[in-house]
Protein chains: 2
Amino acid sequence: MISRFSGSTSLGGGPDSPGAASISPSGASTPLGADPTPLGGGPASPGDGSADRGGSHLARLARLLADDTRATFCLALLNGQAWTAGELARYAGVAPSTATEHINRLIDGGLLVEARQGRHRYVQLASPDVAQLLEELTAHLDPPRPPARSLRQATASAALARGRTCYDHLAGRLGVEITGAMTRTGLLQQRTGFALTDAGLAWLTETLDIPAAELRESRRPLARACLDWTERRPHLAGVAGARICRYLMEHRWVDRIGSGRAVRVTRAGEVALADLLGIDPAAIA
Amino acid sequence: MISRFSGSTSLGGGPDSPGAASISPSGASTPLGADPTPLGGGPASPGDGSADRGGSHLARLARLLADDTRATFCLALLNGQAWTAGELARYAGVAPSTATEHINRLIDGGLLVEARQGRHRYVQLASPDVAQLLEELTAHLDPPRPPARSLRQATASAALARGRTCYDHLAGRLGVEITGAMTRTGLLQQRTGFALTDAGLAWLTETLDIPAAELRESRRPLARACLDWTERRPHLAGVAGARICRYLMEHRWVDRIGSGRAVRVTRAGEVALADLLGIDPAAIA
DNA sequence: CCGTCGCTTCGGCCGGCGCCGAAAGGACGC
DNA sequence: GCGTCCTTTCGGCGCCGGCCGAAGCGACGG
């Protein structure tokens with residue numbers, strides 16, 4: 001399926017560009033004259049034209065997201081699904097050729113992977129790790145919420161604030177509310193960190209029918225906090241968060257709205273959540 | 001002291017991606033034959049110059065780190081201390097005037113704060129949140145470790161890999177080892193998330209003499225995982241991580257090496273760590 | 001087999017931005 | 001007061017990179 005990997009499974013950037021072997025990360029040469037100061041001094045020794053104290057790696061990653069169009073692509077892909085090149089182009093409002101170039105860069109940079117099917121090129125985030133990276137970044141930039149300028153936007157933002165997916169788990173008021181309810185009912189504890197309690201572990205296997213083996217064996221953390229973007233409070237992510245989200249979707253207690261990230265709690269879902277976790281339907285309406 | 005803030009206390013402005021409509025990708029359904037871009041003026045409508053689906057906010061943040069020099073500055077500041085403009089300039093190997101411009105951008109972007117003293121301009125990371133952001137980013141980019149090209153570099157990298165600070169807590173083999181020891185001795189549990197145990201909480205207040213009130217009242221999480229950059233395993237961060245680091249430094253069980261992030265365990269420290277947590281000195285030598 | 005459609009390649013344009021050096025502005029110390 | 005030192009401002013240079021449109025390629029589907 002997925003056919004094109006960048007050299008590394010993770011970010012670091014695979015020199016695997018389609019065209020040529022160009023690459024050559026950031027200005028390696030540094031012709032600027034000089035050079036001075038061969039390390040005579042202490043640790044923070046100045047000079048050394050070929051500095052590169054590791055900043056170039058961070059910068060290379062940041063550069064991938066430093067463009068409005070690429071950032072928009074990544075945010076769109078945070079819904080966890082695959083999009084075609086054309087869809088992304090229309091979504092971001094750029095020409096198809098422009099989209100192609102951006103997609104290539106994102107793939108080469110290891111943020112995306114692709115799967116070609118016929119004349120379509122599907123891309124999606126390379127891994128849950130990448131999704132986590134994006135979550136973390138967006139969590140660090142939100143505070144002041146800008147008011148929507150049109151009714152459409154207002155409606156859309158309200159829907160997103162109410163409930164949405166964060167790649168593979170639930171977020172928004174819905175996600176935070178579920179997390180809060182789990183904490184109140186002793187399934188989760190946030191007092192000394194962020195972890196499921198033993199009761200919480202039992203709840204996942206017994207009530208949600210999730211195989212204990214799966215919970216144990218995953219390489220990903222069972223539970224971790226993901227700072228909610230609209231609520232400014234943590235919600236549950238990690239394997240447990242993903243399984244809960246999947247469970248609710250499978251039972252149609254939560255439905256996606258359109259193709260974006262927004263979700264809605266169904267009638268049956270309200271009943272189920274009140275029943276399972278004692279969540280007041282009004283809190284997530 | 002700190003005199004210059006960017007407009008926002010935090011980073012960027014709030015995004016918002018109206019995920020309302022657009023198209024549904026997903027190989028399965030593929031309803032896309034018909035009707036690309038319905039909904040007049042809808043989300044994915046091209047030509048609409050005002051696209052901006054929130055990507056611009058993410059991009060603005062990323063742009064701050066998308067330059068080698070700025071990224072180098074930020075990484076340097078991750079040692080948690082304040083640096084002068086000139087120190088940063090020499091460290092990164094750029095002219096003082098260039099450094100000034102970068103520092104201005106970082107301050108305006110909310111990543112740094114400054115304190116002017118006489119003819120010096122001291123800057124440091126704006127908050128632990130920013131430090132966390134940087135940690136998260138660096139954690140997501142390391143995998144392939146580039147070999148050092150010179151003996152100096154090799155020595156420096158080895159020192160960093162052995163032990164360093166990660167803004168306000170310990171990282172490197174030392175940090176991971178402490179975290180591991182705490183887990184083995186039942187002070188910390190990572191089975192169902194990442195949190196201190198009750199024994200761990202008691203250990204902090206009793207053995208380390210940290211006021212219980214301080215642990216309770218902090219806005220920051222008591223314990224959180226920070227993915228270690230060289231070890232590829234989590235180490236302890238959050239209030240507990242910071243206090244442990246401070247405690248070890250105050251007792252001179254751990255010393256800074258030079259002005260960078262590297263630290264070293266002292267003789268007395270080896271004894272103390274073996275005594276407190278059963279850490280084998282060889283493991284952190 | 002041919003038209004359509006999605007994607008890609010290529011050339012060209014343009015703006016942004018990172019860099020520097022020279023010169024100026026303050027602080028400090030003598 | 002007068003050098004010295006740290007920092008800033010300004011002008012100028014050059015390149016990178018994002019954008020588009022036109023043309024080409026390959027997959028479908030009649």
Side-chain angles (χ1 to χ4, degrees), chain A residues 4 17-20 22-27 29-36 46 49 51 55-56 59-60 63-73 83-90 92-109 114-123, chain B residues 4 23 25 27 30 32-37 46-47 49 51 55-56 59-60 62-73 83-90 92-109 114-123:
Chain A
R4 179 190 200 167
S17 71
S22 61
I23 295 303
S24 160
S26 42
S29 47
T30 313
L32 62 118
D35 168 19
S56 65
R60 181 142 33 105
R63 217 168 295 142
L64 289 174
L65 299 172
D67 172 80
D68 287 11
T69 302
R70 283 194 298 275
T72 300
F73 283 8
W83 294 52
T84 67
E87 285 167 349
L88 287 173
R90 284 190 298 275
V94 296
S97 55
T98 302
T100 291
E101 291 169 358
H102 287 305
I103 290 172
N104 287 342
R105 285 194 61 172
L106 290 169
I107 290 176
D108 289 343
E114 70 177 1
R116 303 189 106 112
Q117 276 179 36
R119 52 187 167 186
H120 295 281
R121 179 194 205 181
Y122 287 94
V123 293
Chain B
R4 177 187 198 167
I23 308 226
T30 315
L32 53 118
D35 181 18
T37 332
S56 65
R60 181 142 33 104
R63 219 162 359 231
L64 289 175
L65 300 172
D67 172 79
D68 286 12
T69 301
R70 283 195 299 273
T72 300
F73 283 8
W83 293 52
T84 66
E87 283 168 350
L88 287 173
R90 283 190 299 277
V94 297
S97 56
T98 303
T100 291
E101 290 169 359
H102 286 306
I103 290 173
N104 287 342
R105 284 193 61 171
L106 290 170
I107 289 176
D108 289 343
E114 71 178 1
R116 302 190 107 111
Q117 275 179 36
R119 52 186 167 186
H120 295 281
R121 180 194 205 179
Y122 287 95
V123 293

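In this text, all values refer to a predicted model and were calculated from it rather than measured experimentally. Chain letters run A, B, ... following the sequence lines, proteins first, then strands; residues in each count from 1. All values below were derived from every heavy atom in this structure, side-chain atoms included, with hydrogens, water molecules and symmetry-related copies excluded.
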### Message
For a quick check, tell me whether the side chain of A:R121 and the base of C:dC7 share a donor-acceptor pair closer than 3.5 Å.
### Response
no
### Query
Considering heavy-atom distances to DNA chain D, does A:A66 or A:G118 have its closest nucleotide positioned more toward the 5' end?
A:A66
### Message
In this structure, how many angstroms lie between the C1' atom of C:dC17 and the CZ atom of A:R63, rounded?
### Response
12 Å
### Task
May I have the distance from A:L88 (atom CG) to D:dC19 (atom C1'), rounded to whole angstrom?
17 Å
### Partner residues of B:S97 under the side chain to side chain donor-acceptor pair (under 3.5 Å) criterion, sequence neighbours left out
none
### Task
Measure the distance from CG on A:N104 to C1' on C:dC10 and round it to the nearest whole Å.
14 Å
### Message
Let's see if you can work this out: which of D:dG17, C:dG18, C:dC7 has an atom nearest to the side-chain heavy atoms of A:R105?
### Response
D:dG17
### Message
Between P on D:dT8 and OH on B:Y122, what's the gap in Å once rounded to a whole number?
### Response
13 Å
### Task
With the side chain of B:H102 defined as its heavy atoms from C-beta on, choose the nearest nucleotide among C:dG18, D:dT7, D:dC28.
C:dG18
### Query
What about B:R119, does its side chain sit under 3.5 Å from the base of D:dC5 through a donor-acceptor pair?
yes
#### Entry: Nucleotide C:dC7, atom P - distance to CD1 of A:I107 in whole Å
12 Å
### Task
Would you check if the side chain of B:R70 reaches a backbone N or O of B:R63 as a donor-acceptor pair within less than 3.5 Å?
yes
### Message
Looking only at the side chain of A:T98 (C-beta and beyond, no hydrogens), which of the listed nucleotides C:dG18, D:dC19, D:dG17 gets closest?
### Response
D:dC19
## Note on the structure
In terms of heavy-atom contacts, A:A89 and A:P96 come closest through CB-CA, 4.1 Å
### Message
Do B:V94 and B:E101 make a side-chain contact, defined as non-hydrogen atoms from C-beta onward lying under 4.5 Å apart?
### Response
no
### Task
Would you mind reading off the distance between A:L64 atom CG and D:dG18 atom C1', rounded to a whole angstrom?
14 Å
### Query
Can you tell which of C:dC19, C:dC7, D:dT7 lies closest to the side chain of A:R116?
C:dC7
### Query
A:H120 NE2 to C:dC5 C1': how many Å, rounded?
8 Å
### Task
Answer yes or no: side-chain N or O of A:S97 and base N or O of D:dG21 forming a donor-acceptor pair under 3.5 Å.
yes
## Note on the structure
Quick note, B:E101 side chain, CB onward, closest among D:dT8, D:dC20, C:dC19 is C:dC19
#### Entry: Euclidean distance, A:I103 CD1 relative to A:D108 CG, rounded to 0.5 Å
12.0 Å
### Message
From CG of A:D67 over to P of C:dG15, roughly how many Å is that when rounded to an integer?
### Response
17 Å
### Query
Counting side-chain heavy atoms from CB outward, which of D:dC19, D:dT7, C:dA27 is closest to A:V94?
D:dC19
### Base D:dG18 to side chain A:T69, donor-acceptor N/O within 3.5 Å cut-off
no
